[in-house]
Asker: 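Structure in structure tokens, see below.
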Amino acid sequence: GLQQAAILTLTKQKVSEAVEPIQTLLKSSDISVRYAATAALIDFRILDAALITEILLLDQDGEVKKIFNATQIEALKM
């Protein structure tokens with residue numbers, strides 16, 4: 001949605017002022033927003049071991065299955 005688009009735009013434009021607001025989105029109840037924020041922070045070279053571990057442990061079950069298909073999960077892990 002709109003938040004993911006904003007995250008992507010700010011990240012691709014390397015707007016460093018966006019890092020702090022993006023970090024707050026890591027606590028979003030929307031899983032797709034959380035993963036967009038995580039991907040953005042990785043692009044900014046801000047790595048959080050717990051989030052990276054969470055992504056690496058994703059599989060095609062539960063809430064994730066409603067949002068991401070197997071190809072998208074694989075892409076997140078790359």
Side-chain angles (χ1 to χ4, degrees):
L2 186 57
Q3 283 184 317
Q4 295 94 316
I7 292 167
L8 177 64
T9 300
L10 292 168
T11 303
K12 295 305 172 195
Q13 296 299 318
K14 299 293 183 199
V15 178
S16 60
E17 296 87 354
V19 170
E20 192 173 323
I22 289 172
Q23 286 176 315
T24 66
L25 294 173
L26 295 173
K27 294 178 177 27
S28 172
S29 61
D30 184 332
I31 191 170
S32 59
V33 170
R34 283 198 319 268
Y35 290 117
T38 300
L41 294 173
I42 290 170
D43 280 353
F44 278 112
R45 304 292 189 246
I46 298 170
L47 306 176
D48 181 300
L51 290 168
I52 293 171
T53 300
E54 185 179 347
I55 289 172
L56 292 174
L57 295 175
L58 280 177
D59 58 21
Q60 195 65 27
D61 294 328
E63 184 182 1
V64 173
K65 185 168 141 181
K66 298 175 192 172
I67 298 165
F68 300 115
N69 64 36
T71 303
Q72 291 168 319
I73 290 172
E74 178 110 6
L76 278 171
K77 292 180 180 187
M78 298 305 241

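Side chains included, hydrogens not; waters and symmetry mates left out as well; all remaining heavy atoms used. Note that the structure is predicted; figures quoted are calculated from it, not measured.
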Asker: Can you name the residues that form a side chain to side chain donor-acceptor pair (under 3.5 Å) with Lys12, not counting sequence neighbours?
Answerer: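 Lys12 satisfies side chain to side chain donor-acceptor pair (under 3.5 Å) with Asp43 once adjacent residues are dropped.
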Asker: Identify the heavy atoms of Arg34 and Leu26 that sit nearest to each other, and give their distance.
Answerer: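 Residues Arg34 and Leu26, closest heavy atoms: CD-O, 3.1 Å.
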Asker: Counting heavy atoms not belonging to Lys14, are there more than 12 under 6.0 Å from its NZ?
Answerer: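 Buried by this count: over 12 neighbours within 6.0 Å.
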Asker: Quick one: side chain to side chain donor-acceptor pair (under 3.5 Å) partners of Thr11, sequence neighbours excluded?
Answerer: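 Applying side chain to side chain donor-acceptor pair (under 3.5 Å) to Thr11 gives none.
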Asker: Check side-chain contact (heavy atoms from CB on, under 4.5 Å) between Ala18 and all other residues, then give those that pass, not counting sequence neighbours.
Answerer: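 Partners of Ala18 under the side-chain contact (heavy atoms from CB on, under 4.5 Å) test: Leu10, Val15, Ile22.
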Asker: Under the side chain to side chain donor-acceptor pair (under 3.5 Å) definition, can you give me all pairs with a residue in residues 1-10, not counting sequence neighbours?
Answerer: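 Every pair satisfying side chain to side chain donor-acceptor pair (under 3.5 Å) with a residue in residues 1-10: Gln4-Ser32.
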Asker: Are Leu25 and Ile46 connected, step by step, through hydrophobic side chains (Ile, Leu, Val, Met, Phe, Trp, Tyr) whose heavy atoms are closer than 4.5 Å?
Answerer: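 Linked, Leu25 and Ile46 end up in one cluster.
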